[in-house]
Amino acid sequence: MADEKELRYDPATIEPKWQKRWAADPKFYAAEPATSGKPKYYVLEMLPYPSGQLHMGHVRNYSIGDALARHMWMRGYNVLHPMGWDAFGLPAENAALKNHTPPREWTLSNIAGMKRQFERLGMGFDWATEVTTCLPDYYRWNQWFFLRMYERGLAYRKKSKVNWCPECATVLANEQVIDGCCWRHEGTMVEQRDLVQWFFRITAYAQELLDGLDKLDGWPEKVRTMQRNWIGRSEGTEVDFFLEQDAGPSTPSAAANSAQDDSAVRIRVFTTRVDTIFGATSVQLAPQHALVAQFTNANQELKVQVDELLNQQKKAREAGDLGAIEKHGVPTGRFAVNPYNGQRVPIWVANYILADYGTGAIMSVPAHDERDFEFAIKYDLPIVQVIHPEDKTLAVVLPFVSKEGLLVNSGEYNGLSCTEAQVKLQEVAAAEKFGEAKVTFRLKDWGVSRQRYWGTPIPMIHCERDGLVQVPDDQLPVLLPEQIEITQQGGSPLSRVPDFLNTTCPKCGGPAKRETDTMDTFVDSSWYFYRYTDAKNSREPFSSAVAQYWFPIDQYIGGVEHAILHLIYSRFWTKVMRDLGLIVNDEPARRLFTQGMVIKDGAKMSKSKGNVVSPDDMVARYGADATRMYALFAAPPDRDLDWQEDGVAGVSRFLGRVWRLAVKYAPVARAGRGQQAETPSGTSLRLLRKLHQTIAKITLEFEGRWHFNTCVAAIMELVNDLQAADAELAAGEVSAPVVYELLRSLVLLLAPLAPYLAAELWEELGEDGSVLRAPWPKSDPGLAKEDELEIPVQINGKLVTVVRVAADADAKAIEAAALGDEKVQSRIANKTVVKMIVVPGKLVNLVVK
Ligand SMILES: [Zn+2]
Ligand SMILES: [Zn+2]
């Protein structure tokens with residue numbers, strides 16, 4: 001008889017034992033080469049930032065990916081399941097400032113600690129392909145890609161307004177500004193500053209990035225919608241109004257003359273409704289528009305007014321609510337000429353016109369646009385209706401914004417539909433060279449310059465004679481200097497390191513200076529998953545042949561907070577690499593899964609909220625298996641999970657029951673191994689049926705639905721049934737070969753969810769090899785099939801009883817069973833059955849009067 005101790009489930013003994021064994025075998029989780037002959041499966045979870053501690057959000061993310069990877073290994077796939085570190089970034093500099101630890105040291109020691117946590121949790125990563133983005137063997141390829149992009153005009157410099165977070169003391173990408181505040185510092189308003197910055201021309205791929213979304217049917221619809229909105233395509237027309245040369249009195253013919261004058265200054269406006277252009281009663285410029293500066297130079301009073309508009313816009317931008325800005329404008333006293341009809345209209349400057357949308361200038365058509373209408377009423381500008389509903393008898397309330405209508409008051413275009421007029425007017429503009437059809441995007445080029453130390457140095461050199469010069473490939477990587485004083489003030493820290501800053505021009509050999517900006521850390525995460533396929537390559541970023549075997553990623557898993565930034569940048573990077581001839585896939589990942597957050601006490605777990613549960617504590621108290629399995633069990637993976645420690649304890653108790661059951665009957669199972677089972681009946685049949693139903697259910701979930709919570713629940717049910725049959729099992733009523741199949745399959749089903757316990761029990765059952773490479777069990781449909789079903793019976797829509805019928809019973813047999821039931825008979829006595837609805841296999845409803 002087994003002693004007490006052996007019957008106690010003790011993860012603190014089991015788990016480290018297997019952890020050691022797995023760590024001793026580097027091939028255990030390693031991907032095989034393309035020649036393995038197996039189908040490939042690339043499962044990837046987003047790589048963590050090495051903050052020093054895994055949090056429960058990580059545990060959830062990686063438990064999902066690890067369960068999937070293990071399942072696919074058992075299904076016979078060649079699985080690539082790598083892990084790495086998104087290791088550049090500001091927190092390392094903050095820590096350096098606080099603790100006087102160099103960023104590199106701080107980062108690498110955090111990585112070592114988190115790697116220990118991953119190993120303790122039993123995550124099946126192939127550490128041979130580990131990628132650490134802050135090390136030169138990785139970031140040299142960031143530099144290499146930068147140079148390829150520079151050569152193709154995809155990396156360029158321009159002076160631009162940048163978002164400046166005073167707290168970070170650095171430039172933020174537009175996407176890092178949330179409601180006017182820094183994405184890291186919720187309460188810090190972002191300021192606008194002028195700086196020369198490096199950009200990646202992501203807009204060159206705007207249309208392709210948009211079109212590609214239609215094909216990504218393995219991505220959540222919400223992510224695709226977010227990306228579509230972010231790219232923000234709108235179709236319209238650019239039209240030149242002509243600046244009237246003198247401010248003196250003018251007639252339409254004089255205006256038309258000045259329009260024909262080649263030297264006329266053009267004011268290009270963007271509109272999505274060129275069909276309404278005969279209704280334009282003013283042209284409105286953004287306060288930053290170049291012409292405005294020209295007007296204010298000669299007009300001090302105007303300058304003061306424009307500055308006030310600028311100020312209002314800046315405040316609204318900082319408050320993150322540009323859309324709700326109270327609209328103000330000032331007339332410039334100047335006029336513009338409508339190129340279609342020679343009509344002169346006043347030029348205004350308005351605070352709600354944005355310099356970086358379209359051309360920074362619009363035509364205002366109050367009769368057919370809400371915003372323009374509001375503005376015209378406020379400033380008493382003329383309102384001219386030029387579109388009328390097709391039914392001329394209809395009264396029109398202005399503004400009339402529908403495109404279902406015909407043109408009026410529009411000269412030779414009268415009577416055309418809005419769509420016809422747009423085409424016609426665009427043709428005229430193109431022919432007369434004062435405009436063209438134009439598609440604009442909300443998507444802006446990706447600002448990649450950071451005035452930071454802890455990032456990839458941009459591999460460019462400034463020479464007084466030659467200007468901007470590329471660092472030659474054979475001088476890569478441009479190494480980050482190790483010894484540096486971090487102050488987080490002023491400009492780039494690298495500009496204060498003479499050994500780094502001063503260099504020789506590769507072209508003329510004369511003295512030159514290095515670029516001191518570093519790259520946005522989103523660069524690092526844009527292509528890291530390609531490097532995993534060939535992480536040790538020192539000649540190229542990765543082998544094209546190897547990448548072609550693994551890509552696209554079969555399943556990518558991460559938080560929905562990365563739906564826009566990371567996932568648009570990495571799609572862009574993939575297209576650039578394709579155009580460089582490195583890969584053949586257009587998109588990085590075939591399927592994407594975004595898991596929900598981990599919540600505690602009603603809020604997302606975070607240090608600032610003080611509601612963090614440490615994975616280490618949970619593992620110490622309940623074991624890694626229970627912690628991981630709880631993370632899968634407590635909610636469907638796409639929903640938020642409300643962390644309850646009681647729940648972890650419950651899963652731990654359940655695993656204890658599995659342990660005791662398996663250990664108790666392992667000797668019987670071992671005896672039954674290799675024996676032929678006779679045709680099952682009675683308890684054996686009942687238990688085998690439950691087993692095969694469970695296998696079918698869990699297999700289906702792994703194939704795409706991923707409700708791992710129901711997988712765990714199904715295993716719990718199976719274990720309940722086994723425990724309920726303890727007397728029969730103990731009495732030997734279930735034959736040894738059946739006990740063997742039951743326990744062996746139970747262990748196989750547990751393997752992706754509780755890998756340590758599964759490995760231990762596999763050994764306990766006397767099985768050879770690793771459970772991780774054992775074939776996933778197959779459900780036998782014959783065994784899984786119920787011979788009887790329970791059918792609910794309702795009377796007038798109310799549940800009255802449940803009847804048992806043969807699983808293949810037809811409507812007539814079910815009807816008979818329902819009417820023969822005692823409860824039903826007593827309810828329908830003295831009444832009339834008006835109608836009887838039978839849904840075979842599902843339900844009976846009697847309508848009774
Ligand atoms: Zn900040
Ligand atoms: Zn030079």
Side-chain angles (χ1 to χ4, degrees), residues 9-33 36 41-45 47-48 50 52-54 58-59 61-74 77-85 87 107-132 135 137 531-533 535-536 614-629 631 655 659 747-748 750-764 767-774:
Y9 167 56
D10 183 18
T13 313
I14 297 171
E15 295 182 352
K17 166 186 155 185
W18 288 98
Q19 189 191 331
K20 219 174 273 168
R21 282 206 207 170
W22 294 336
D25 179 4
K27 285 239 159 49
F28 193 59
Y29 295 124
E32 296 170 52
S36 74
Y41 196 83
Y42 187 174
V43 54
L44 179 72
E45 299 103 79
L47 84 178
Q53 277 287 324
L54 288 179
H58 289 131
V59 172
N61 183 209
Y62 301 122
S63 297
I64 294 169
D66 198 52
L68 180 63
R70 287 172 185 276
H71 175 77
M72 296 312 282
W73 262 308
M74 295 173 76
Y77 283 79
N78 180 18
V79 176
L80 176 59
H81 188 217
M83 187 42 62
W85 311 97
T107 305
L108 295 182
S109 107
N110 284 349
I111 287 174
M114 289 169 79
K115 201 166 168 178
R116 275 196 299 276
Q117 288 184 296
F118 270 140
E119 285 173 341
R120 182 62 189 84
L121 282 163
M123 298 296 172
F125 297 130
D126 181 1
W127 290 110
T129 66
E130 181 178 4
V131 164
T132 305
L135 298 180
D137 71 337
R531 182 71 179 171
Y532 281 144
T533 65
K536 301 281 185 285
S614 147
D616 291 352
D617 285 355
M618 291 294 111
V619 170
R621 234 172 279 175
Y622 306 105
D625 279 343
T627 306
R628 295 173 51 151
M629 202 154 153
L655 292 177
W659 168 261
V747 171
L748 290 170
L750 276 171
L753 311 169
Y756 285 122
L757 178 61
E760 182 71 13
L761 292 178
W762 192 248
E763 195 174 67
E764 188 71 26
E767 290 296 289
D768 301 325
S770 165
V771 65
L772 183 63
R773 304 302 158 123

Residues that Thr533 engages under side-chain contact (heavy atoms from CB on, under 4.5 Å), provided they are two or more places apart: Tyr42, Leu80, Phe542, Val546, Ala547, Trp550, Phe551

Minimum heavy-atom separation for Ser63 to Ala631, with atom names? OG-CB, 4.4 Å

Taking atom OH of Tyr756 and atom CH2 of Trp18, what is their separation to the nearest 0.5 Å? 11.5 Å

Taking only residues two or more places apart in sequence or in another chain, which ones pass salt bridge (charged side-chain N to carboxylate O under 4.0 Å, His left out) with Asp25? none

ring-ring contact (aromatic ring centres under 6.0 Å, His included) against Tyr77, all qualifying residues, sequence neighbours excluded: Tyr41

For Glu119, check side-chain hydrogen bond (donor to acceptor under 3.5 Å, both in side chains) against everything at least two apart and list the hits. none

Does Arg628 make a cation-pi contact with Tyr62, if we ask for NZ or CZ under 6.0 Å from the ring centre and within 45° of the axis? no

Output the distance between atom CG (Asp66) and atom CG (Leu753), rounded to the nearest 0.5 Å. 10.0 Å

In the structure I gave you, are the side-chain heavy atoms of Ile64 and Glu45 within less than 4.5 Å of one another anywhere? no

Correct closest heavy-atom pair for Ala758 and Ala751 would be CB-CA, 3.5 Å

For Ala24 versus Pro26, what's the shortest heavy-atom pair and its separation? O-CD, 3.3 Å

Side-chain heavy atoms of Lys27 within contact of Glu32, under 4.5 Å: no

List for me each residue that meets side-chain hydrogen bond (donor to acceptor under 3.5 Å, both in side chains) alongside Thr13, sequence neighbours excluded, and say none if there are none. Asp10

First locate atom CG of Leu748, then atom CE of Met74, and finally report the distance between them rounded to the nearest 0.5 Å. 4.5 Å

Phe118 CZ to His58 NE2 distance, which is reported to the nearest 0.5 Å: 6.5 Å

So, using side-chain hydrogen bond (donor to acceptor under 3.5 Å, both in side chains) as the criterion, who are the partners of Asn78 when residues are at least two apart? Tyr549

His71: which residues meet the ring-ring contact (aromatic ring centres under 6.0 Å, His included) condition with it, sequence neighbours left out? Phe702, Trp776

Considering all heavy atoms, the nearest Ile111-Pro50 contact: CG1-CB, 3.6 Å

For the side chain of Trp762 and the backbone of Asp768, is there at least one donor-acceptor N/O pair under 3.5 Å apart? yes

My understanding is that only residues two or more places apart in sequence, or in another chain, count here; which of them pass salt bridge (charged side-chain N to carboxylate O under 4.0 Å, His left out) with Glu760? Lys17

side-chain hydrogen bond (donor to acceptor under 3.5 Å, both in side chains) partners of Tyr29, counting only residues at least two apart: Arg70

Separation between CG (Asn61) and CG (Leu47), nearest 0.5 Å, reads 10.5 Å

By salt bridge (charged side-chain N to carboxylate O under 4.0 Å, His left out), which residues pair with Glu767, not counting sequence neighbours? Arg673, Arg744

Drop me the distance from Trp659's CH2 to Ile14's CD1, to the nearest 0.5 angstrom. 4.0 Å

Are any of the side-chain heavy atoms of Leu757 and Tyr9 separated by less than 4.5 Å? yes

Under the rule for side-chain contact (heavy atoms from CB on, under 4.5 Å), what residues qualify as partners of Arg116, not counting sequence neighbours? Ala112

May I ask you to test the Pro755-Asp625 pair for a side-chain heavy-atom distance under 4.5 Å? yes

Do any pairs count as a side chain to side chain donor-acceptor pair (under 3.5 Å) and have a residue in residues 120-131, sequence neighbours left out, and if so which ones? Glu15-Arg120, Trp85-Glu130, Lys115-Glu130

Heavy-atom closest contact (His81 atom, Val43 atom, distance): CD2-O, 3.5 Å

Taking side chain as C-beta onward, heavy atoms only, is Met629 less than 4.5 Å from Leu750? yes

Do Met83 and Pro48 have side chains that approach each other closer than 4.5 Å (heavy atoms only, starting at C-beta)? yes

Do the side chains of Thr107 and Thr132 get nearer than 4.5 Å, heavy atoms only? no

So which atom in Val59 and which in Met123 form the shortest heavy-atom distance, rounded to 0.1 Å? O-CE, 4.3 Å

